[in-house]
Number of protein chains: 2
Amino acid sequence: MSLRHAILVLLQDQEASGYDLAREFANSIGLVWNATHQQIYLELGKLNDQNMVKFRHIPQDGKPDKKLYRITEEGRDELIRWLRKPAAPPRIRDAFMVKIAGGALSDSSSILRELDDQADLRRERLHTFEALAKKLDEQGRDKDLFTYLTLRRGILDQQAWLHWADEVKTALNKREILSTSV
Amino acid sequence: MSLRHAILVLLQDQEASGYDLAREFANSIGLVWNATHQQIYLELGKLNDQNMVKFRHIPQDGKPDKKLYRITEEGRDELIRWLRKPAAPPRIRDAFMVKIAGGALSDSSSILRELDDQADLRRERLHTFEALAKKLDEQGRDKDLFTYLTLRRGILDQQAWLHWADEVKTALNKREILSTSV
DNA sequence: ACTACTTATTCAACGGATTGCGCAGCAATA
DNA sequence: TATTGCTGCGCAATCCGTTGAATAAGTAGT
């Protein structure tokens, strides 16, 4: 229910087009909430219908025209109202973990292979988050404290995941050795 | 796309009714995938239409009748096929984190209040997970290794979250002091 | 010259998920 | 006695999200 609110948060700082927002969802906010461009354009349409945002048409040459959206008073009110009431706990839907839970059916080797792939992804994310956090830290992080804290969340999350992956590896290896030695 | 597979994983070990499954989704598997009873009954219906599961009707007295589902050959094949192909990365949708990212609008006190509420929840979960993991460990965890590893994932996740919460608290307190001393 | 990518928006179809409701009887508690 | 809670199943409306595609013009690379 709160793609709308994520959008309103982004529009808080600056006027932006749907395309701009889509890029931010692929980066910064994507850490915390993700959405495709189709969803974003749709939601912007609804927000506009409800007068939470308004836009102006910007003709461009060389590039297609765009619509620059900005948040309205109503939008800001709605956002503040939403911020005040407690957030619903995130619903967890992790397909890879379902595989682990049902792991007795797979063979260890295929689990380990996928684990490594996922670990590569996580490690990559970890590095980009760390680089961004470091940059913020050098600029004095108080200015963008909340961006910094969001990044920290991402960093700790990846680290915990990678740590877990190590546990899985050692557990599966130990098991492999036991079963082959019998 | 894989509520169905989570259900098949559960039906792997034992015959179960929709109600039983709903309870497991609230506990064990819920750690990793959650679903309401409506979704589960609906999905069981579809799985039955596709011959992935079959059921027998159990009349009960004192309690309403129930349908005990079990997995079929086709169901097991489908599950194995699914296990073989790589899982899509989970999409992140954390409303509370959206609030943090847009935290500049809220006052620190309301953020801290909600942070504490969430932390209570996480701490509670941590304890139940730890208790379950300990129990499994004592029974020799190799039998239920994958359940154990799933629990470990939950434990590390809660710990990382709580650690992050501490960071947020100290950061916001420091900031509070700075702003009030000026 | 051809391919691929970037900027920019939108539509249509489908499937997944949520919300809300309804039925039904038993057990326990206030 | 009234209310709440547990066991058990299901339907319908709506909303949210995904997939796939179309359009259009510029730029960068092989």
Side-chain angles (χ1 to χ4, degrees), chain A residues 1-8 10 15-27 29-30 32-50 53-69 82 87-95 98, chain B residues 1-8 15-27 29-30 33-50 52-53 55-69 82 87-95 98:
Chain A
M1 251 244 209
S2 57
L3 169 58
R4 49 192 309 104
H5 302 109
I7 290 174
L8 291 175
L10 288 174
E15 224 178 358
S17 67
Y19 192 82
D20 294 334
L21 292 173
R23 249 190 289 103
E24 292 195 69
F25 270 95
N27 302 323
I29 293 287
V32 148
W33 196 280
N34 45 30
T36 60
H37 75 273
Q38 290 93 333
Q39 268 180 87
I40 292 163
Y41 284 117
L42 206 91
E43 199 64 45
L44 279 172
K46 285 186 201 165
L47 284 169
N48 186 58
D49 292 345
Q50 294 164 44
V53 299
K54 60 183 176 183
F55 67 89
R56 52 202 184 99
H57 219 260
I58 310 286
Q60 296 185 119
D61 42 52
K63 295 173 188 178
D65 298 355
K66 65 176 169 180
K67 293 175 175 179
L68 275 186
Y69 288 86
W82 178 76
R91 27 191 166 346
I92 306 161
R93 251 151 226 194
D94 192 327
V98 173
Chain B
M1 252 243 210
S2 56
L3 168 58
R4 51 192 307 104
H5 302 109
I7 290 175
L8 291 174
E15 224 178 359
S17 67
Y19 192 82
D20 295 334
L21 292 173
R23 248 190 292 103
E24 293 196 68
F25 271 95
N27 302 323
I29 293 286
W33 195 280
N34 44 32
T36 61
H37 78 271
Q38 290 93 334
Q39 268 181 85
I40 292 164
Y41 285 119
L42 206 94
E43 199 65 43
L44 280 172
K46 284 186 202 167
L47 284 168
N48 186 58
D49 293 344
Q50 295 164 42
M52 303 275 161
V53 299
F55 68 89
R56 53 204 184 98
H57 218 258
I58 310 286
Q60 297 185 117
D61 41 52
K63 294 174 188 177
D65 298 356
K66 64 177 169 181
K67 295 177 175 178
L68 276 187
Y69 288 87
W82 178 75
R91 358 189 133 49
I92 306 162
R93 250 149 226 196
D94 192 326
V98 173

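Quick note: numbers below take in every heavy atom, side chains included, and nothing from hydrogens, waters or symmetry partners. The chains referred to below are lettered A, B, ... by the order of the sequence lines, with proteins before strands, and numbering in each begins at 1. Keep in mind that this is a model prediction, so the values were computed, not measured.
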Student check: side-chain heavy atoms of A:Arg4 and A:Gln50 closer than 4.5 Å: yes
note: A:Ile58, atom CD1; C:dT9, atom C1'; distance rounded to Å ~ 15 Å
Distance check needed: C:dA24 C1' versus B:Lys66 NZ, whole Å only. 17 Å
Round to a whole Å and report the spacing from CD of A:Gln60 to P of C:dT6. 17 Å
At how many degrees, to 10°, do the end axes of the helix from C:dA1-D:dT30 to C:dA30-D:dT1 meet when each uses five pairs? 40°
Do A:Phe25 and A:Ile40 have side chains that get closer than 4.5 Å, going by heavy atoms? yes
Are B:Trp33 and A:Asp94 side-chain neighbours, meaning at least one heavy-atom pair lies under 4.5 Å? no
Should A:Tyr19 be listed as having a side-chain N or O under 4.0 Å from OP1 or OP2 of C:dT7? yes
Measuring from the side chain of B:Trp33 (C-beta onward, heavy atoms only), which nucleotide among C:dA17, D:dG8, C:dT7 has the closest atom? C:dA17
Taking atom P of C:dA17 as reference, at what distance in whole Å does atom CD1 of B:Ile40 sit? 11 Å
How are the rings of A:Trp82 and A:His5 set relative to one another: parallel (under 30°), tilted (30 to 60°) or perpendicular (over 60°)? parallel
Measure the shortest side-chain to side-chain distance between A:Leu44 and A:Ile7 over non-hydrogen atoms and say whether it is less than 4.5 angstrom. yes
Rounded to the nearest Å, what distance is computed from the NE2 atom of residue B:His57 to the C1' atom of nucleotide D:dG8? 10 Å
Side chain of B:Leu3 only, heavy atoms from C-beta on: which candidate in C:dA17, D:dG10, D:dG8 is closest? C:dA17
Can you tell me how far P of D:dC9 sits from CG of B:Asn48, to the nearest Å? 13 Å
Is a donor on one side and an acceptor on the other found under 3.5 Å between the side chain of A:Asn48 and the backbone of A:Gly45? no
To the nearest Å, give me how far apart CG (A:Asp49) and P (D:dC15) are. 13 Å
Check the angle between the aromatic planes of B:Phe55 and B:His57 and answer parallel, tilted or perpendicular using the 30° and 60° thresholds. tilted
Any non-hydrogen side-chain atom of B:Arg91 less than 4.5 Å from a side-chain atom of A:Arg93? no
Do B:Met52 and B:Lys46 come close enough that some side-chain heavy atom pair is under 4.5 Å? no
Nearest-neighbour nucleotide for the A:Arg23 side chain, D:dC9, C:dA8, D:dT7 considered: C:dA8
Whole-Å gap separating P (D:dC9) and NZ (B:Lys46): 18 Å
Just by protein heavy atoms under 4.0 Å, how would nucleotides 18-28 of chain D read 5' to 3' in B, S and -? BBBB--B-S--
